[in-house]
Amino acid sequence: MTRLLTLLTALALAPAAIASPGASVPASGRLAFDVIRKDRDIGDYVVTFRGSGDDVTVDIATDVKVKVPVIGVSAYRFSQTSTETWRGGQLAGLTSRTDDNGTPHDIRVGATSLIPASLWNADMVRSSAVLNTIDGSTDPISVSNLGTENVATGSGTVAATHYALRGGLNRDLWYAGATLVHVRFAAEDGSQVDYVMR
């Protein structure tokens with residue numbers, strides 16, 4: 001009976017380990033990834049955190065350039081800068097500016113219970129919908145836990161839980177605890193893109 005109570009208590013507490021955005025903030029206050037496509041580094045995804053606990057400001061910068069081989073001319077460009085303000089574990093506001101291959105998007109969103117699709121926050125895996133950070137729409141998702149896998153990072157291999165998000169947002173995400181350590185998705189041309197942690 002004691003063993004059963006211990007197990008039930010552990011299961012009840014397990015979601016809480018991911019339920020706070022503060023749990024996804026690394027001690028360094030920064031997450032940095034190289035964006036890799038066809039074995040080439042095509043950009044950066046960098047997340048910087050200011051504040052502590054559930055009161056944080058998060059600055060996110062994504063810069064991707066795909067060039068045509070041989071002539072070196074950009075065939076595709078995606079850049080986005082956004083700022084999320086979190087108060088008491090809830091999103092209090094988000095601003096985002098995006099250049100999606102020449103198409104501009106500027107959004108400003110107030111307080112919402114939605115988790116932004118900025119990937120760093122492990123609460124995404126407990127959600128049925130996310131806030132699109134490009135146009136401010138709501139994207140429905142389903143989430144599957146695919147188990148624990150070893151993931152290579154710039155500081156060595158880590159054990160991480162692999163989640164598959166499908167629906168309005170299609171991403172494979174790996175979290176070590178509640179910290180994002182890898183991202184994978186298919187580009188519009190079908191090629192595989194990976195965010196590899198530095």
Handout entry: Nearest atoms (heavy-atom pairs only) where Ala129 meets Leu114
Key = O-CD2, 3.8 Å

Practice task
Any chance you could measure His162, atom NE2, to Thr148, atom OG1, to the nearest 0.5 Å?
Solution key: 11.5 Å

Exercise for the section: Tell me, please, which residues at least two apart from Thr98 pass side-chain contact (heavy atoms from CB on, under 4.5 Å). Expected result: Phe78, Gln80, Ser96, Asp100, His105, Ile134

Handout entry: The single option from Asp59, Leu180, Leu31 passing side chain to side chain contact (heavy atoms under 4.5 Å, CB included) against Val47
Key = Leu31

Practice task
Return the minimal non-hydrogen interatomic distance between Leu119 and Arg171, and the atom names on each side.
Solution key: CD2-CG, 4.2 Å

Practice task
Go through Thr138 and Asn132 one step at a time and tell me if the side chain to side chain contact (heavy atoms under 4.5 Å, CB included) criterion holds.
Solution key: CA-CA 6 Å; Thr138 299; Asn132 186 310; over 6 Å; no

Fill in the blank from the handout: What one should report as the nearest heavy-atom pair of Thr133 and Pro116 is CG2-CB, 3.9 Å

Problem - Distance (rounded to the nearest 0.5 Å) between Asp41 CG and Asp34 CG - result: 4.5 Å

Practice task
Please step through side chain to side chain contact (heavy atoms under 4.5 Å, CB included) for the pair Asp44 and Arg198, ending with a clear verdict.
Solution key: CA-CA 10 Å; Asp44 305 289; Arg198 293 178 190 156; 2.2 Å; yes

Exercise for the section: Look at the side chain of Ser28 and the backbone N and O of Arg30, then say whether any donor-acceptor pair between them is shorter than 3.5 Å. Expected result: yes

Problem - Shortest non-hydrogen separation from Ala178 to Ser24 and the atoms involved - result: O-OG, 2.9 Å

Handout entry: Thr179 versus Ala23, closest heavy-atom pair with distance
Key = OG1-O, 4.4 Å

Exercise for the section: Taking Asp123 for its side chain and Val125 for its backbone only, find out whether a donor-acceptor pair lies under 3.5 Å. Expected result: no

Exercise for the section: Check whether any side-chain heavy atom of Val56 sits under 4.5 Å from a side-chain heavy atom of Arg50, and report yes or no. Expected result: no

Practice task
Measure up the Tyr195 and Phe33 rings against each other and bin them: parallel (under 30°), tilted (30 to 60°), perpendicular (over 60°).
Solution key: tilted

Completion exercise
Taken in chain and number order and not counting sequence neighbours, the residues that satisfy salt bridge (charged side-chain N to carboxylate O under 4.0 Å, His left out) with Asp194 are Arg184

Problem - Atom pair CE (Met197) and OH (Tyr45), whose distance is rounded to the nearest 0.5 Å - result: 10.5 Å

Problem - Joint cluster assignment, Leu173 & Val193, ILVMFWY side-chain distance < 4.5 Å - result: yes

Handout entry: Shared hydrophobic cluster, Val151 / Val196 (ILVMFWY, side-chain heavy atoms < 4.5 Å)
Key = no

Practice task
Using atom types as modelled and distance alone, determine if a side-chain donor or acceptor of Asn170 lies under 3.5 Å from a backbone N or O of Gly167.
Solution key: yes

Problem - Leu169 and Met124, any side-chain heavy atoms less than 4.5 Å apart - result: yes

Practice task
Identify, with sequence neighbours excluded, every residue that meets salt bridge (charged side-chain N to carboxylate O under 4.0 Å, His left out) alongside Asp55.
Solution key: none

Less than 3.5 Å apart, which donor and acceptor atoms pair up between the side chains of residues 87-95 and the rest of the protein, not counting sequence neighbours?
none

Handout entry: Single-linkage hydrophobic cluster Ile36~Val64, side-chain heavy atoms < 4.5 angstrom
Key = no

Exercise for the section: Return the minimal non-hydrogen interatomic distance between Ala164 and Asp172, and the atom names on each side. Expected result: CB-OD2, 3.8 Å

Exercise for the section: Go through the structure and list residues passing side-chain contact (heavy atoms from CB on, under 4.5 Å) with Asp99, not counting sequence neighbours. Expected result: Ser79

Problem - Approximate separation, where rounding is to 0.5 Å, of Thr57 OG1 and Glu84 CD - result: 10.0 Å

Exercise for the section: Nearest 0.5 Å please: distance from the OG atom of Ser82 over to the CG atom of Asp106. Expected result: 12.0 Å

Problem - Arg97 CZ to Arg108 CZ distance, which is reported to the nearest 0.5 Å - result: 9.5 Å

Problem - Partner set under ring pair (Phe, Tyr, Trp, His ring centres under 6.0 Å) for Trp86, not counting sequence neighbours - result: Trp120

